[in-house]
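Below you'll find the structure, written out as structure tokens, and then a few comments.
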Number of protein chains: 2
Amino acid sequence: MEAKKIYAQALTDEAFAPFGSVVQQKDDVKMVSANGGTAKKYLKVSESIQNYEKSSSASTRKGVWNFFSTHPSVHPANDEHAAFQISVLERHPFTTQTFIPMCRSSDEQAYLIAVAPNAPDGMPDWNQTQAFVAKGAQGVTYSAGVWHAPMVTIGKETMLAAFNYENGVAEDDCQVQSTESPIEVFIKIST
Amino acid sequence: MEAKKIYAQALTDEAFAPFGSVVQQKDDVKMVSANGGTAKKYLKVSESIQNYEKSSSASTRKGVWNFFSTHPSVHPANDEHAAFQISVLERHPFTTQTFIPMCRSSDEQAYLIAVAPNAPDGMPDWNQTQAFVAKGAQGVTYSAGVWHAPMVTIGKETMLAAFNYENGVAEDDCQVQSTESPIEVFIKIST
């Protein structure tokens, strides 16, 4: 059976809304002047939420920052290029997860996001997988419980700060599913 | 009376420990391979903590992301340059606050941090103010209640994602103090 192919689209709040939100400068939020007039502060562009009280374990949860140093697993060599194969998705049932890219320029395609809604049984609906390309000035928040591919960076080494809650119980913190028929993600190179 | 002068030092976990932590790649935390071997994940480099239960107000608190687009208020023109004057400090008594810089390269001096411990009366001890220069791959977490200058960026427009908790009660969320005798911060330009 031929691998399913999907095309990555630009990351926008609108397109990504079913899965989470984009941490970026936005025109549809309140903006105030800050820092003695040297800064524009865009308010509440995203939110970090946890509901570990719904988990069966009693462990206390914390708000934790992890730091990723990633090598590109996507090498956009030409206009149409099967950039990446998705064979694993993970989710964090009781917490959002936010990634902020560092050291990539604002107009650069920095990393790839792949997400899938739940099938009726709560597993990933692989056939409805979608992919997005995030630029250097775009962070992303996955809503709690959203199936998403592990971070995939484009073009060069990228560092990302990641924030989520955790209670240290493996099954509460992260659930993983894989597929026998990987999905090919194509990225159109933005010129 | 001549303005007090202080020299900004490099931002390190050790030097900054009394005031918070640095969100960066670290050798003294656990590192695991992630994302199918394409990433190194440095665990728990920082933490976001809130204790709004200690505030007198009943409002519920949220974990909020704000986005800053800042213009440089520091122009390091030569080796010794009074980069910035500190006349205002703020603090968030019930929450940490974390800033992650975007779109600055890892070896660039990206932003200036200025902090002061509490005087016995809980106000800033202006005479003990310290300043740090953060590079493009360094985020910073201010511990709850730490007096710090509003974000000051170096050299060029810088975007930062900021995370903190808030309950919407102004006096709970942010307290501000100013001084009649601003402190001059000098930055040694790293060559």
Any idea which of [options] has the most non-hydrogen atom pairs under 4.5 angstrom with chain B?
| options | value |
| --- | --- |
| A:Met31, A:Glu157, A:Lys26, A:Glu47 | A:Glu47 |
| A:Ala110, A:Ala39, A:Ser69, A:Ser21 | A:Ser69 |
| A:Val29, A:Val64, A:Val45, A:Asn66 | A:Asn66 |
| A:Ala137, A:Gly37, A:Gly36, A:Ala161 | A:Ala137 |

Assert top hit (heavy-atom pairs under 4.5 Å, partner chain A, pool B:Met159, B:Lys62, B:Glu90) equals B:Lys62
Note: vs chain A, highest number of non-hydrogen pairs under 4.5 angstrom among B:Ala149, B:Ser87, B:Pro150 is B:Pro150
Count the heavy atoms belonging to other residues, nucleotides or ligands that lie under 6.0 Å from [atom1] of [X], then report whether that count exceeds 12.
| X | atom1 | answer |
| --- | --- | --- |
| A:Lys5 | NZ | yes |
| B:Glu53 | CD | yes |
| B:Lys54 | NZ | no |

Those residues at least two apart in sequence (or on a different chain) that pass side chain to side chain donor-acceptor pair (under 3.5 Å) with B:Ser106 are none
Name the region of [X], side chain, backbone, both or neither, that has any atom closer than 4.5 Å to a heavy atom of chain B.
| X | answer |
| --- | --- |
| A:Thr38 | both |
| A:Ile49 | neither |
| A:Ala34 | side chain |

For B:Trp65 and A:Ser48 the tightest heavy-atom approach is NE1-OG, 2.8 Å
TODO: Flag the pair A:Val23 / B:Phe67 as yes when at least one side-chain heavy-atom distance between them is below 4.5 Å, and no otherwise.
DONE: yes
- Task: Identify whether the distance between the nearest side-chain nitrogen and carboxylate oxygen of A:Lys44 and B:Glu166 falls below 4.0 Å.
- Result: yes
Under a 3.5 Å distance rule, please check whether B:Asn35 uses its side chain to pair with a backbone N or O of A:Met151 as donor and acceptor. yes
Is there a path of hydrophobic side-chain contacts, each under 4.5 Å between heavy atoms of I/L/V/M/F/W/Y residues, joining [Y] to [X]?
| X | Y | value |
| --- | --- | --- |
| B:Phe132 | B:Ile154 | no |
| A:Val115 | A:Val133 | no |
| B:Tyr111 | B:Ile187 | no |
| A:Phe19 | A:Leu11 | yes |
| B:Trp147 | B:Ile6 | yes |

Against chain A, residues from residues 92-103 of chain B with at least one heavy atom under 4.5 Å, in numeric order, are B:Thr98, B:Ile100, B:Pro101, B:Met102, B:Cys103
Worksheet item: Between B:Phe163 and A:Phe163, what is the ring plane arrangement, given parallel below 30°, perpendicular above 60°, and tilted in between?
Response: tilted
